[in-house]
Amino acid sequence: MLSIQVIRENQLEVIRRLSMKNFDAAELIASVLELDEKRREFQKQLDELNSQSNQLAREIGILFKSGKTDEGNRLKEQTGPLKTRSKEAEASLDAAKRELDERMVLLPNIPHSSVPKGSSAENNETVYEEGTIPELPDAAIPHWELGPRFGIIDFALGTKITGAGFPVYLNLGAGLQRALINFFLDQALKSGYTEIQPPYLINSASGFGTGQLPDKDGQMYSIPEDDLYLIPTSEVPVTNIYRDVIFKPSDLPVKHVAYSACFRREAGSYGKDVRGLNRLHQFDKVEIVQITEPDLSYDALEEMREYVTGLIRMLELPLRVLNLCGGDISFASAKTYDMEVYSAAQKRWLEVSSVSNFESFQSQRMKLRIKDDSGKTRPAHTLNGSALALPRIVAAILENNQTDKGIRIPEVLVPYTGFSIIS
RNA sequence: GGAGAGAUGGCAGAGCGGUCGAAUGCGGCGGUCUUGAAAACCGUUGACCUGCGAGGGUCCGGGGGUUCGAAUCCCUCUCUCUCCGCCA
């Protein structure tokens with residue numbers, strides 16, 4: 001959520017910058033400002049009326065206490081009309097507030113000035129590309145064939161017991177999963193992140209806090225009976241730990257890492273994008289989250305980007321970093337880097353991490369604030385990124401490292417897997 | 001799942017329906033004292049809305065009600081604790 005003050009003070013600037021997200025905010029902002037005006041007007045009325053009734057009640061109290069019941073009763077008569085008026089003012093105020101909120105949550109975050117212009121993925125800016133794209137033998141096959149052939153991933157079995165998009169990892173495949181998770185967690189710990197094991201189900205307040213609700217509820221699996229949702233990423237429970245929290249400056253930055261399974265409905269996806277491990281309903285991910293002072297959040301974003309590219313490098317995978325354009329960054333994000341690895345048998349880049357700075361967008365929703373020595377409170381900045389999401393990493397490892405002897409495991413993982421080749 | 005108890009400021013813990021935003025203690029901050037620290041003493045110490053400010057308003061788990069007036073009474077929801085049952 002954007003701050004109403006920012007909108008009030010920079011109306012045109014906000015509209016201009018939101019247009020970079022292909023979002024025409026003019027009408028919405030006009031109505032927001034109007035409702036804000038109304039809200040303050042009703043608030044003033046209500047305050048004034050309350051002030052009067054408080055005054056009267058006090059006086060009546062004093063009169064009754066000192067035995068002047070008649071005078072007290074006379075004063076009481078004045079309270080009736082005051083009460084009706086304040087009921088009215090309160091109703092108007094509530095309505096204005098509700099409408100204002102309804103509209104405020106429709107406004108996406110403002111993209112940072114370094115976000116490239118553009119309306120679709122084609123306009124994303126390649127920050128850099130590194131590593132060599134492996135030459136595979138003619139007999140090379142994509143991971144969705146490799147998995148079953150080596151008996152390490154069974155897609156059909158997942159379909160049998162659950163449905164499409166829920167693969168079963170077997171034997172060394174399961175071992176590889178576990179190894180990656182532990183490797184990622186250990187690396188993050190080394191970089192100063194503290195580990196969290198969050199719940200996999202969240203309530204709607206948490207979904208709202210990080211921006212999944214109300215607009216993207218169709219992307220989460222829900223449990224209506226208990227009013228809960230399955231987490232689409234551990235970002236949601238981990239960031240919401242700090243909902244309604246006020247930090248001292250010395251508490252920051254907060255740096256957390258969490259492994260969790262992630263659940264996504266992925267309604268509307270189709271074709272080659274969902275083939276094999278490319279897009280799943282359940283997948284494993286290690287996520288990093290930071291909460292920082294506002295003026296340090298872009299340093300943190302760069303640091304997280306460096307950290308994630310470091311992981312990919314260690315796994316010996318060809319890497320590409322994208323600075324997402326205005327039209328491609330998410331609703332809540334101010335700036336996002338996507339990290340991609342090259343999957344050599346599919347001959348395509350696969351997104352394995354998305355690192356975003358939400359600035360105060362989530363904090364505003366969550367009331368996550370910093371209170372400095374002067375006693376002023378201001379929203380903190382929140383960031384998060386995958387470090388990393390497993391399935392596409394596994395796809396790339398399987399495809400890129402296939403040899404006629406089997407699939408070679410990247411060296412850094414061998415201490416974790418206990419094997420160096422899948423054959 | 002059944003029965004009961006409770007939810008108050010960073011924490012602990014008071015609070016006959018009437019200047020209660022809330023006693024007291026601890027913690028935090030500032031000061032006196034000290035070479036320094038501790039102790040002691042003094043002062044200070046919630047959030048939010050609105051206003052240039054003075055000020056005004058809201059908040060004692062959430063929502064609703066009674067009343068001129070609610071932290072205090074009533075209803076309801078949520079959560080916590082105790083006992084019983086079941087159980088990884």
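Order of the sequence lines sets the chain letters (A, B, ...), proteins ahead of strands, with each chain counted from 1.
- The P atoms of B/rU19 and B/rA23 are separated by 13 Å, rounded to the nearest whole Å.
- Of the residues near RNA chain B, A/I246 and A/G61, the one whose nearest nucleotide (by heavy atom distance) lies more toward the 5' end is A/G61.
- Both distances falling under 3.5 Å, in either a Watson-Crick or a G-U wobble arrangement, occur for no nucleotide opposite B/rA54.
- Taking 4.0 Å as the cut-off between side-chain N and carboxylate O, A/E48 and A/K44 do not count as a salt-bridged pair.
- Pair assignment for B/rU66: none, as no Watson-Crick or G-U wobble contacts are both less than 3.5 Å.
- With a cut-off of 3.5 Å on both Watson-Crick or G-U wobble distances, the partner of B/rC16 is given as none.
- Candidate nucleotides B/rC68, B/rU19, B/rA47 were compared by shortest atom distance to the side chain of A/R369, and B/rA47 ranks first.
- Atoms CG (A/D244) and P (B/rC48) sit 12 Å apart, rounded to a whole Å.
- The phosphate of B/rG69 has neither OP1 nor OP2 within less than 4.0 Å of any side-chain N or O from A/T79.
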### Task
Report the C-alpha distance between A/E88 and A/Q45 in whole Å, list the side-chain angles of each, state the deciding distance to 0.1 Å, and finish with yes or no for side chain to side chain donor-acceptor pair (under 3.5 Å).
CA-CA 10 Å; A/E88 282 165 21; A/Q45 283 178 22; over 6 Å; no
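- The separation of B/rG13 from B/rC81, taken at their P atoms, amounts to 15 Å, rounded to a whole angstrom.
- Within the shown strands, B/rG25 is the pairing partner of B/rC11 under the Watson-Crick or G-U definition, both distances less than 3.5 Å.
- Residue A/K371 places its side chain closer to B/rA47 than to any other of B/rU58, B/rU50, B/rA47.
- The phosphate of B/rG57 (OP1 or OP2) has a side-chain N or O of A/N54 nearer than 4.0 angstrom.
- Between A/D94 and A/K83, the residue anchored closer to the 5' end of RNA chain B is A/D94, taking for each the nucleotide with the nearest heavy atom.
- In this pair, A/F263 and A/Y221 present their aromatic rings perpendicular. The plane angle is above 60°, beyond the 30 to 60° band.
- The closest side-chain donor-acceptor pair between A/Y298 and A/E359 falls under 3.5 angstrom.
- For the pair A/K367 and B/rC48, the criterion of a side-chain N or O lying under 4.0 Å from OP1 or OP2 is not met.
- Judged purely by distance below 3.5 Å, without hydrogens or angles, the side chains of A/Y337 and A/E302 pair a donor atom with an acceptor atom.
- Checking B/rU19, B/rG18, B/rG56 against every side-chain atom of A/S51, the shortest atom distance belongs to B/rG56.
- Judged purely by atom type and a 3.5 angstrom limit, A/S51 has no side-chain atom pairing as donor or acceptor with the backbone of A/D47.
- In this model, no side-chain donor or acceptor of A/D47 finds a partner on the base of B/rG57 within 3.5 Å.
- Separation of the P atoms belonging to B/rA3 and B/rU8 is 25 Å when rounded to the nearest angstrom.
- The A/K44 side chain lies nearest to B/rU50 when the options are B/rU50, B/rC68, B/rU58.
- The same atom, P, is picked in B/rU34 and in B/rC29; the two are 22 Å apart, to the nearest Å.
- When distances are taken from the side chain of A/T377 to each of B/rU50, B/rG57, B/rC48, the shortest belongs to B/rC48.
- B/rG15 and B/rG64 are spaced 28 Å apart, taking the P atom of each and rounding to whole Å.
- No hydrogens or angles considered: nothing links the side chains of A/S119 and A/N22 as a donor-acceptor pair under 3.5 Å.
- Note: CG (A/L368) to C1' (B/rA47) measures 15 Å, nearest angstrom.
- Taking the P atom of each, B/rU76 and B/rA5 are spaced 14 Å apart, rounded to whole Å.
- Going from atom CD of A/E90 over to atom P of B/rC59 covers 9 Å, rounded to whole Å.
- Both distances falling under 3.5 Å, in either a Watson-Crick or a G-U wobble arrangement, occur for no nucleotide opposite B/rC87.
- A gap of 10 Å separates the C1' atoms of B/rU72 and B/rC60, to the nearest Å.
- In this structure, B/rU35 makes no Watson-Crick or G-U wobble pair, since no nucleotide meets both defining distances under 3.5 angstrom.
- Between the CZ atom of A/R40 and the P atom of B/rG56 there is a distance of 21 Å, rounded to whole Å.
- Between the CD atom of A/E41 and the P atom of B/rU50 there is a distance of 13 Å, rounded to whole Å.
- The separation between A/D36 atom CG and B/rU50 atom C1' is 11 Å, rounded to whole Å.
- Searching all strands for a Watson-Crick or G-U wobble partner of B/rU82 with both distances below 3.5 Å returns B/rA3.
- Separating the CD1 atom in A/I393 from the CE atom in A/M339 is a distance of 11.0 Å, to the nearest 0.5 Å.
- In this structure, A/I4 places its CD1 atom 14 Å from C1' of B/rU50, rounding to the nearest Å.
- Using a 4.0 Å heavy-atom criterion, one finds that A/L56 contacts no nucleic acid atom at all.
- Between the CG atom of A/D226 and the C1' atom of B/rC79 there is a distance of 15 Å, given to the nearest Å.
- A gap of 39 Å separates the P atoms of B/rG27 and B/rU78, to the nearest Å.
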